[in-house]
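This report concerns only the one structure given below.
Below, all heavy atoms of this structure are taken into account, side chains as well, without hydrogens, waters or symmetry copies. Note on naming: letters A, B, ... go to the chains in the order of the sequence lines (proteins, then strands), and numbering restarts at 1 for each one.
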There are 2 protein chains.
Amino acid sequence: MEELPRYRQVYEALRQAISEGRYAPGDLLPSEHDLCQRYSLARPTVRKALDQLVSDGYIQKHQGKGSIVKGAPRGIGILSLSGTTSAVGRPDFFTRIILKPELRPWTEAFGFPINAAEQQAGCIYFERLRVLDDAPVFLDITMLPNIGLPNFTSYNLENASLFNFLRTQYQIVVTGGMQQLLAIRADKRQREYLHVKSGSPILQLNRKIETSRPGFHIYSQVFCSTRKYGLIGTF
Amino acid sequence: MEELPRYRQVYEALRQAISEGRYAPGDLLPSEHDLCQRYSLARPTVRKALDQLVSDGYIQKHQGKGSIVKGAPRGIGILSLSGTTSAVGRPDFFTRIILKPELRPWTEAFGFPINAAEQQAGCIYFERLRVLDDAPVFLDITMLPNIGLPNFTSYNLENASLFNFLRTQYQIVVTGGMQQLLAIRADKRQREYLHVKSGSPILQLNRKIETSRPGFHIYSQVFCSTRKYGLIGTF
DNA sequence: CCTATAAATTTGTATATACAGGTTGTCAAC
DNA sequence: GTTGACAACCTGTATATACAAATTTATAGG
């Protein structure tokens, strides 16, 4: 197991504390000076952790005052960098495999161009359904190139974030990406999985996700019924 | 005029250079060491500028290699921090005022709670239509509290980014915000303005935007037809 | 009690430095 | 020519330090 950088450890600790409500919205986080002493770190290191929390929307900083907790970014944070499951972080959020990972040739990648190496390697394709409160919320179609992923199809992705899975199994981490948003009418298949009526408007999200492995991209298409839950993101 | 911090100056300079294509996608930015010498700055200062460019999606960094230009974030960047008009940056992108700014009492703020001071001050309300290629794309409803905005209603917001306007006229800058995304069926009014058929699915975006002025928020609701253009964002 | 001033606290900006770790190119050995 | 070792270069992480600027708290004076 690889050791996380120290600023990352502080970030994770504070992030978890906020997520669990140990720091409530409106509370002041310990001052940078305090955090330095608690973790035996220099101020720039602690500041790096806090900067990350700011950009993730967990806290706000005010000069002369301190770091004010805003709380965990609410809702279904699919618009943020974190993987869906980890971002949601609710115990009643389940993932159901509709179609197990299988190898097939590339046809298209949700409108995104794919490079020659990806085309050559073939496509690992699988479909998952995300369920919250016994109600289906996402229909999630994922495609990734079959490059350096031994035994991928034999693993079970049930209730595991794909991003965490790639990180722990293959040391692949997400570095960014782009996404396209559309409002569409649900077709027959989406109606059945998402339990919506005929012609209901649903969100379609096409994502191309970049990773630490050069040339390795994850292509993801998400259909989402926003009748009960809207997608929420902070910026 | 206030002097920008030095890391911000470097950020703005590089950002502009990338936007103008002086660094093309795929190019390597000068190394941190080079940038330090050019701007006579220490490395942490330059790194702070580069970190910002990374999080804004302009560049990618690779250890041992350098900073690779990705280019200016494309598409209709309504999901990003920048204001709509400035983010789009296309000459054929027009803003038409549907309802001029007027003062009215607050009724609701697109589901977001408003604080007592905002409630007390009253609401500046206006509606705009964003047009691209002679086709309407956004219907944009904006509400902001009438706090310290002298003569606001007398200005003309036509073809001016609200964010730029607030910054230049009132020194109010956007620091962040949250947004909620829904897929809905267009109602009669939205149909007419967006030129879509009855019952067409459209995107609804509710945003609460935070500013450098404490307690001053901008509430914005956007309806968007994604038939021709999908909303695009990077992360 | 209230007010104005000063001090303490806290975050913002900036520098200088050191070493670790990944990438690329060079150059000698085979 | 190919390989392998090494050097040069680049970003990543971390520390120590200094001063500026905003806020809060304490203090002294009325």
Answer with yes or no whether A/R43 presents, from its side chain, a donor or acceptor under 3.5 Å of a partner atom in the base of C/dG12.
yes
Side-chain contact test, heavy atoms from C-beta onward, threshold under 4.5 Å: evaluate it for A/R128 versus A/L162 and give yes or no.
yes
Base, sugar-phosphate, or nothing for A/R6, non-hydrogen atoms under 4.0 angstrom?
sugar-phosphate
According to the interplanar angle, ranging from 0 to 90°, do the rings of A/F165 and A/F152 count as parallel (below 30°), tilted (30 to 60°) or perpendicular (above 60°)?
perpendicular
Tell me whether the OP1 or OP2 atom of D/dT15 has a side-chain N or O from A/T45 closer than 4.0 Å.
yes
Classify the nucleic acid contact of A/L50 as base, sugar-phosphate or nothing, counting any heavy atom under 4.0 Å across all strands shown.
nothing
When you get a sec, tell me which of C/dT11, D/dT11, C/dA16 is the closest nucleotide to the side chain of A/S67?
C/dT11
Closest nucleotide of DNA chain C for A/H62 versus for A/P44: which of these residues is on the 5' side?
A/H62
Nearest to the B/Y7 side chain among D/dT11, C/dT13, C/dT15, which nucleotide is it?
C/dT13
Quick check on DNA chain D: between A/K48 and A/G64, whose nearest nucleotide comes earlier from the 5' end?
A/K48
Aromatic centroids of B/Y58 and B/Y23 separated by under 6.0 Å:
no
Against the side chain of B/K65, the closest entry in C/dG12, C/dT23, D/dT11 is C/dT23
Please report the distance, rounded to the nearest Å, between CD in B/E32 and C1' in D/dT13.
12 Å
How close or far is atom P of D/dT17 from atom NE2 of A/H33, stated in whole angstroms?
12 Å
Separation of D/dT13 atom P from A/D51 atom CG, nearest Å, is 13 Å
Distance below 4.0 Å between A/R47 side-chain N/O and C/dG12 OP1 or OP2:
yes
Under 3.5 Å, side chain of B/E118 to main-chain N/O of B/H217, donor-acceptor pair present?
yes
Figure out the NZ/P separation between A/K61 and D/dT23, and round it to whole Å.
15 Å
Within-4.5 Å side-chain heavy-atom neighbours: A/F112 and A/N206
yes
